[in-house]
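In what follows, every chain begins at residue 1, and chains take the letters A, B, ... in the order their sequences are listed. Only a predicted model underlies this, so the values are computations on that prediction, with no experimental measurement involved.
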Amino acid sequence: MNLRDTLTLSFTTVVSYRMRSALIVLAMALGVAAVVVLTALGDGARMYVVGQFSSLGTNLVIVLPGRAETSGGFPGAALGQTPRDLTLEDARFVAQLPQVRRLAPLNVGVAELNSAGRLREVTVLGSTSDLLPIRHMKLAQGSFLARGSERSAQIVLGSALAQEFFPDGNAVGQRIRLGDSRFMVSGVLATQGESMGFNTDEIAIIPIDYAQELFNTSSLFRILVEARSRAAIEPAKAAIQHVLKLRHDGEEDVTVITQDAVLATFDRILRALTLGVAGIAAISLAVAGILVMNVMLVAVAQRTSEIGLLKAIGAPSADIRRLLFAEAVWLSLAGGAIGFALGHLGSFLIRVAYPQLPAWPPLWASAAGVATALITGILASLLPASRAARLDPVIALSGK
Amino acid sequence: MIRLSAITRVFRMGDQEIRALNGVDLDIASGEYVSIMGPSGSGKSTLLNVIGLLDRPDNGRYELDGHDVTGLSETEQAQVRREKIGFVFQSFHLVPRLTAAENIELPLILEGIDPAERKSRVDAVLDDFELRARANHRPSELSGGQRQRVAIARATILKPTALLADEPTGNLDHRTGAEVVALLEALHHTGTTLIVVTHDRELGARAHRHIAMRDGEIVEDDGQ
């Protein structure tokens with residue numbers, strides 16, 4: 001029997017046992033779809049987290065006061081010392097480092113925003129003109145804090161705040177009271193939404209000097225540093241640690257974190273998670289494979305006399321083995337293809353339901369899902385096929 | 001063309017040994033019309049299965065057309081079955097999900113003949129066996145006589161030298177049985193060796209040579 005006839009004959013067999021074939025294909029398809037959808041979810045979560053970090057800025061090095069240490073604790077703590085402040089002067093020294101392209105010192109606090117009878121508490125960021133490029137923020141109107149404008153009373157409003165206080169859309173150039181001082185609105189941020197727990201639509205940004213005055217502090221909350229390149233991130237981190245140690249009398253009392261390290265950790269965790277759920281889904285595929293084996297065994301038992309007849313009219317065992325094998329291939333192919341389609345449909349629906357989650361099934365997962373379906377289906381057919389091929393035609397034909 | 005010498009076939013059921021064939025010697029020439037009769041368990045079906053290469057003897061030698069076929073591999077035996085032997089069974093053994101034409105086509109598919117030639121050969125056979133109108137019906141939609149005609153058409157489409165029929169009329173009423181017998185005999189007239197195993201004395205008597213079996217041995221053979 002040639003290959004084409006084997007495929008045709010096994011195909012008609014698969015089609016004629018409609019219910020049985022449909023159930024196997026369904027089991028296979030669900031397994032494959034599970035692999036595709038779950039990896040899409042896992043990878044989507046990974047992409048989401050990576051995206052959130054990237055929106056913070058690229059080649060970012062963050063300096064925060066205090067020493068984050070899991071062992072031993074802060075050495076000064078035993079002597080009743082608090083960690084030294086991180087000051088604007090520190091930031092100025094860091095800015096001189098050759099590995100640093102630019103930096104933005106940051107203070108955060110809450111103050112009352114007040115204009116034309118409206119009053120509400122807002123989160124206030126104090127920073128400099130470089131915050132805009134470092135944090136990848138965009139302006140909808142006007143201009144950001146001007147360079148060297150630390151002493152001019154400018155304020156940049158988040159889009160939601162601008163809409164709230166100046167519903168007519170003419171925020172730029174208007175005066176507004178923040179705490180006890182008056183500010184002039186220089187620009188409005190473009191709508192960006194939530195990013196790492198900060199809703200940039202609801203914040204106000206003022207020059208760093210005003211912010212320190214407003215919150216009555218000389219210590220910075222953070223320094224956001226942008227390294228010159230990806231390769232400069234680690235040298236920049238080391239240089240920052242070195243220069244701040246010198247400035248703080250040899251005390252290592254700042255923590256320098258790189259976004260890369262955090263990102264890599266999240267990336268690893270979420271990749272492992274994706275693999276984990278893919279593995280769980282693959283188990284369901286293996287179960288489907290056992291189902292295929294069971295159904296094929298039943299099929300062989302049901303078709304004993306037919307197999308005996310094929311032998312009587314001159315089919316060698318190899319032909320019979322190939323016929324059953326081809327049936328399994330058809331079933332697994334159909335299951336794999338339908339599962340692939342179902343999985344991609346499922347991922348599409350997830351993307352529609354949760355637009356923030358980039359739930360694209362990774363190519364490897366789709367390929368692995370379909371391949372696992374094929375392999376398990378084919379492996380599962382080997383035993384029934386060889387059992388059929390070994391059937392004694394005399395016994396098979398007598399129907400005992 | 002069929003030469004069996006000292007063929008023995010033993011079945012074991014528990015600790016009991018059943019000698020289905022006990023040193024059978026038999027020569028059947030090309031073109032003969034032979035009936036094999038005997039009570040149940042006399043070994044007549046086993047003899048037919050051994051002749052049709054469906055069953056392997058435990059001992060003895062089987063020559064078909066001058067070649068020893070006892071020692072052939074499974075695949076080689078399948079090929080001999082395909083090319084030289086046609087089987088007709090009491091219960092027809094048609095594949096239920098294939099149409100009459102597709103059932104007849106099966107041996108051609110196994111032989112690896114290309115589709116265009118298959119179609120013309122099946123068409124010719126459908127006409128010969130007056131099955132044209134039933135070509136696209138499944139076995140469940142055919143009468144017993146039609147089913148057996150399909151089975152005979154299938155058994156003979158590759159022009160075997162020997163046609164082996166095991167109770168070919170066992171599941172048919174008297175009239176259709178007679179039609180089937182007429183068909184088999186017509187094939188015999190074209191030169192095919194016809195070997196019929198039956199309980200039916202009337203059918204057995206129609207053969208030109210009569211073999212009677214009992215307890216795995218040939219007890220009567222009027223052709224010797």
A:Ser332: which of A:Ile24, A:Val32, A:Leu374, A:Ile375 passes side-chain contact (heavy atoms from CB on, under 4.5 Å): A:Leu374
Pair count under 4.5 Å, heavy atoms only, with chain B: among A:Pro393, A:Ala318, A:Pro316, A:Gly314, highest is A:Gly314
One should read off an interatomic distance between A:Leu275 CG and A:Thr39 OG1, to the nearest 0.5 angstrom, of 9.5 Å
Among residues at least two apart in sequence or on other chains, which ones pass side chain to side chain contact (heavy atoms under 4.5 Å, CB included) with A:Ala29? A:Ile338, A:Leu342
Contact origin within A:Ile313 toward chain B - heavy atom pairs under 4.5 Å: both
Can you name the closest pair of heavy atoms from A:Val370 and A:Gly336 and give their distance? CG2-O, 3.8 Å
Once you leave out hydrogens and angles, what donor-acceptor pairs under 3.5 Å do chain A and chain B share?
| residue | atom | partner | partner atom | Å |
| --- | --- | --- | --- | --- |
| A:Met1 | N | B:Leu110 | O | 3.1 |
| A:Asp5 | OD1 | B:Arg118 | NH1 | 3.3 |
| A:Asp5 | OD1 | B:Arg118 | NH2 | 3.1 |
| A:Asp5 | OD2 | B:Arg118 | NH1 | 2.7 |
| A:Thr13 | OG1 | B:Arg97 | NH2 | 3.2 |
| A:Tyr17 | OH | B:Arg97 | NH1 | 3.4 |
| A:Glu306 | OE1 | B:Arg97 | NH1 | 2.9 |
| A:Glu306 | OE2 | B:Arg97 | NH1 | 3.4 |
| A:Glu306 | OE2 | B:Arg97 | NH2 | 2.6 |
| A:Lys311 | O | B:Arg81 | NE | 2.6 |
| A:Lys311 | O | B:Arg81 | NH2 | 3.0 |
| A:Gly314 | O | B:Arg82 | NH1 | 2.8 |
| A:Ser317 | N | B:Glu74 | OE1 | 3.3 |
| A:Ser317 | OG | B:Glu74 | OE1 | 3.0 |
| A:Ser317 | OG | B:Glu74 | OE2 | 2.8 |
| A:Leu397 | O | B:His93 | NE2 | 3.0 |

So which part of A:Leu9 gets closer than 4.5 Å to some heavy atom of chain B, the side chain, the backbone, both or neither? side chain
Pairwise ring pair (Phe, Tyr, Trp, His ring centres under 6.0 Å) hits with a residue in residues 344-383 of chain A, at least two apart: A:Phe340-A:His344
Is it the backbone or the side chain of B:Pro115 that comes under 4.5 Å from a heavy atom of chain A, or both, or neither? side chain
Counting only heavy atoms closer than 4.5 Å, note whether A:Ala312 contacts chain B via side chain, backbone, both or neither. both
Can you tell me how far CG of B:Leu108 sits from CG of B:Leu158, rounded to the nearest 0.5 angstrom? 5.0 Å
Might you point out which heavy atoms bring B:Ala155 and B:Pro160 nearest each other, and give the distance in Å? O-CG, 3.4 Å
Could you tell me which residues satisfy ring-ring contact (aromatic ring centres under 6.0 Å, His included) with A:Phe11, sequence neighbours excluded, listed by chain and number? A:Trp330
